[in-house]
2 protein chains.
Amino acid sequence: MTAESQRGRPPSIRDVARLAGVSHQTVSRVLNHHPSIRPETKQRVLDVMAELQYTPNRAARALVTHRSRTLGILSASSTSTQYGPASSIAAIEGAARAAGYWVSTANIEASDPASIADGLAHLAAQGIEGLVVIAPQVRVFDTLAQLSIDVPYVTLQSTGRDPDHALSVDQIAGARLATRHLIELGHRNIYHLTGPQDWIEAEARMRGFLEEMSAQDVPTTAPILGDWTADFGFHVGRELLRVRDFTAIFASNDQMALGLMHAIHDAGLDVPRDVSIIGFDDIPEAAHFWPPLTTVRQDFAELGRRCVSLLIGDADAPSEAAASAGGPGGAGDAGTAPGEPSAPAGPKTIVPELVVRASTGRPAF
Amino acid sequence: MTAESQRGRPPSIRDVARLAGVSHQTVSRVLNHHPSIRPETKQRVLDVMAELQYTPNRAARALVTHRSRTLGILSASSTSTQYGPASSIAAIEGAARAAGYWVSTANIEASDPASIADGLAHLAAQGIEGLVVIAPQVRVFDTLAQLSIDVPYVTLQSTGRDPDHALSVDQIAGARLATRHLIELGHRNIYHLTGPQDWIEAEARMRGFLEEMSAQDVPTTAPILGDWTADFGFHVGRELLRVRDFTAIFASNDQMALGLMHAIHDAGLDVPRDVSIIGFDDIPEAAHFWPPLTTVRQDFAELGRRCVSLLIGDADAPSEAAASAGGPGGAGDAGTAPGEPSAPAGPKTIVPELVVRASTGRPAF
DNA sequence: TCACGGCATGTGCACGGTCACATGCGACGT
DNA sequence: ACGTCGCATGTGACCGTGCACATGCCGTGA
């Protein structure tokens, strides 16, 4: 029965149209949830689609609509392997898919301008409609401008500085939380180990640290520039322990905190008796570090979701809303096309949360 | 000068053709590295392309060639946030991009069949030319068959059981390495904490463990089914310590090993004096666990790269090789199109490596 | 009764590439 | 000297969709 329609190629709307006894345009209307189609006609078309296992051809659609329905993620490969970014990426993909979008990723070497340009060009060649940047952002933006790529973009995890493009976990507030916690425990000699300087969130955490320190009138030492890795934390820890003019360290991510604790244990010291350590992110392993790490939790998944609603809100909502008053519907495939496009996304700032575990305590003296 | 050619749309090959004084087909030939184009003509076309900032339209190309040049990754969202899979994914993307392919990801809830089907359908709708599966594989394959999706696929990290689709880190060898290490230290009462049973590599590591145990005539206890998480390791550890009829545990990933060590410390015991712990994967943090973790290192990035060369070798190499004898060139964009497509990929099995650190030692008695 | 508007549907073209098939021209063998 | 072959290039159709613009029909108000 269906064998007859087999002709090598996958079925097109015209094949469906022929079998349903309508024009190809009617089929197209069914696909796009056009309002004025008689229910019976629609049903007949849907039946034929199912019978033929028809799938809309993405390329053809993109060609004529000039819309790729694809979001790009530009990610530093050194970080996409870490819990936080990886969780956000997963959430981005999920939210995008729910909204009928595809997600395409490009990993770059953050340190190499050519790599940035290459990755960006790769995404641009795809006609992405939105871009999420998880990388040292200053350089990326320069390159973006140079290549005259013009798509809406969002930077994951930045501070509220550029409110159009930055949806923020309030990194500053999180850093202040961490710092305040140490100060309230009685620490006065506190170091801060930051992330790389061209990561906006590293800078934000540093700012939060400095703000809280001066707000509480605690004398500040210069932050130490780190690179997010546990290895780096370990080496910095070894250096710092030579002098030991501190009782607490605030590391701007959990990995570096882990490295610090390693160095401290190696020196025969105890956490938190001799030194208190606080991290940032609350990766799932942090609860099982020894000692379990006090840290600041971020909701990475929520962050990813908001990225998408920001991006798709920009790109989609206007035309979408204009097109049809009542029905949302979107432009998903006829078969799938589930729930509403995500809700207005709530307040714009995600507030991070202090998680007190066993790596912080009162200073010994 | 260039202002004149601005007409809203991005430039097409016809625009380029007009300005270069050739036919659109000649432009197309330049794009596809056709052999018989006069160097001067080619150069003229390339110049115009540069001037116009011409970018080939992916959708149009895909429409007519029936090739999407896209690879799909189906990944369990619970695992894509972990170091190993994430590294492989990054490597896959890099290798794919170098070969002129795009990568699109779908994260699924491994436990939910509907989610699997949804993710797979999403990728299929894109016309992916290859699929990498990083998820409990049994269910995925069933679904793949049900949806009658027919693309070459590769399972990341599987054992050598199905040699066509499995490019293997030799998980069995790795597990034997770990087990032998414990036995050689003098341990006789060894537990094994596995990954979820429907993950092929979890099963492979378990097999390796069992094989080595019986090869060395050490009595075996039933493996404990885990879920890859540190939390789970922690809880299992607490249970096991009630009886304490063992001197060593082989955890099939580093996270679970971490959880185990946490439980052991909590009980006031010492690693490795009271219990030896060995992990698997060698995530970057493992060197900084307390104590630094003995584990088995896998080259995740190499694994990812091989995935791609396997997939693209299948899909591309035949026609590619037939097309032009000498020049590789690929079908990248005229402007970009860098280095050779990856080399023949070497021997098919990646051999993992034992990394001895401080979490294993001789049993106390 | 008829013009008119809205619904349900159909017709043809455009999107930006590639492919199959010309075409013109110079070199070469007989 | 002429047919033939290969190179360099051009012409037109086609891929599967969506859009702008008909078209026919029915209900409605003047």
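Throughout, a chain's letter reflects where its sequence line sits, starting with A, and its residues are numbered from 1. All heavy atoms count here, side chains included; hydrogens, waters and symmetry mates do not.
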Is [Y] paired with [X] through a side-chain N to carboxylate O contact shorter than 4.0 Å?
{"X": "A:Asp15", "Y": "A:Arg18", "result": "yes"}
{"X": "B:Glu129", "Y": "B:Arg69", "result": "no"}
{"X": "B:Arg44", "Y": "B:Glu40", "result": "no"}

Under-4.0 Å side-chain N/O to phosphate OP1/OP2 contact, [X] with [N]:
{"X": "B:Thr41", "N": "D:dT9", "result": "yes"}
{"X": "A:Ser23", "N": "C:dG10", "result": "yes"}
{"X": "A:Arg14", "N": "D:dG16", "result": "no"}

The criterion is side chain to side chain donor-acceptor pair (under 3.5 Å); which residues satisfy it with A:Ser23, sequence neighbours excluded?
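A:Ser23 satisfies side chain to side chain donor-acceptor pair (under 3.5 Å) with A:Thr26 only.
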Only counting residues at least two apart or in another chain, list the ones meeting salt bridge (Lys or Arg N to Asp or Glu O under 4.0 Å) with B:Arg139.
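B:Arg139 satisfies salt bridge (Lys or Arg N to Asp or Glu O under 4.0 Å) with B:Asp198 only.
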Output the rounded distance in Å from [atom1] ([X]) to [atom2] ([N]).
{"X": "A:Arg38", "N": "D:dC26", "atom1": "CZ", "atom2": "C1'", "value": "12 Å"}
{"X": "A:Asn57", "N": "D:dG18", "atom1": "CG", "atom2": "C1'", "value": "13 Å"}
{"X": "A:Arg18", "N": "D:dT17", "atom1": "CZ", "atom2": "P", "value": "13 Å"}
{"X": "B:His34", "N": "C:dG17", "atom1": "NE2", "atom2": "C1'", "value": "16 Å"}
{"X": "A:Met49", "N": "D:dG16", "atom1": "CE", "atom2": "P", "value": "15 Å"}
{"X": "A:Arg58", "N": "D:dT17", "atom1": "CZ", "atom2": "C1'", "value": "14 Å"}
{"X": "A:Ile13", "N": "D:dT17", "atom1": "CD1", "atom2": "P", "value": "5 Å"}
{"X": "A:Lys42", "N": "C:dT9", "atom1": "NZ", "atom2": "P", "value": "12 Å"}

Give me the bend of the helix from C:dT1-D:dA30 to C:dT30-D:dA1, using the axes of the five pairs at each end, rounded to 10°.
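Result, rounded to 10 degrees: 50°.
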Between D:dG16, D:dC7, D:dG18, which nucleotide has the shortest distance from any of its atoms to the side chain of A:Ala60?
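Looking only at heavy atoms from C-beta outward on A:Ala60, the closest nucleotide is D:dG16.
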I would like to know whether B:Gln126 and B:Ser104 meet side-chain hydrogen bond (donor to acceptor under 3.5 Å, both in side chains); could you show each step before the answer?
CA-CA 9 Å; B:Gln126 221 167 149; B:Ser104 189; 3.1 Å; yes
Regarding A:Leu63, tell me which of base, sugar-phosphate or nothing describes its non-hydrogen contacts under 4.0 Å with the strands shown.
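Base contact.
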Nucleotides 19-28 of chain C: protein proximity per nucleotide (B base, S sugar-phosphate only, - neither; heavy atom, under 4.0 Å)
BB--------
Residues in side chain to side chain contact (heavy atoms under 4.5 Å, CB included) with A:Ala60, at least two apart?
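Counting only residues at least two positions away or on another chain, A:Ala60 forms a side chain to side chain contact (heavy atoms under 4.5 Å, CB included) with A:Asn57, B:Leu63.
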Can a donor-acceptor pair be found, under 3.5 Å and without considering hydrogens, that links the side chain of B:Thr105 to the backbone of B:Ile73?
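Checking the backbone N and O of B:Ile73 against the side chain of B:Thr105, no donor-acceptor pair under 3.5 Å is found.
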With sequence neighbours left out, which residue pairs that include part of residues 95-110 of chain A fulfil the salt bridge (Lys or Arg N to Asp or Glu O under 4.0 Å) condition?
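Applying salt bridge (Lys or Arg N to Asp or Glu O under 4.0 Å) to every pair that reaches into residues 95-110 of chain A, excluding sequence neighbours, yields A:Glu93-A:Arg97, A:Arg97-B:Asp118.
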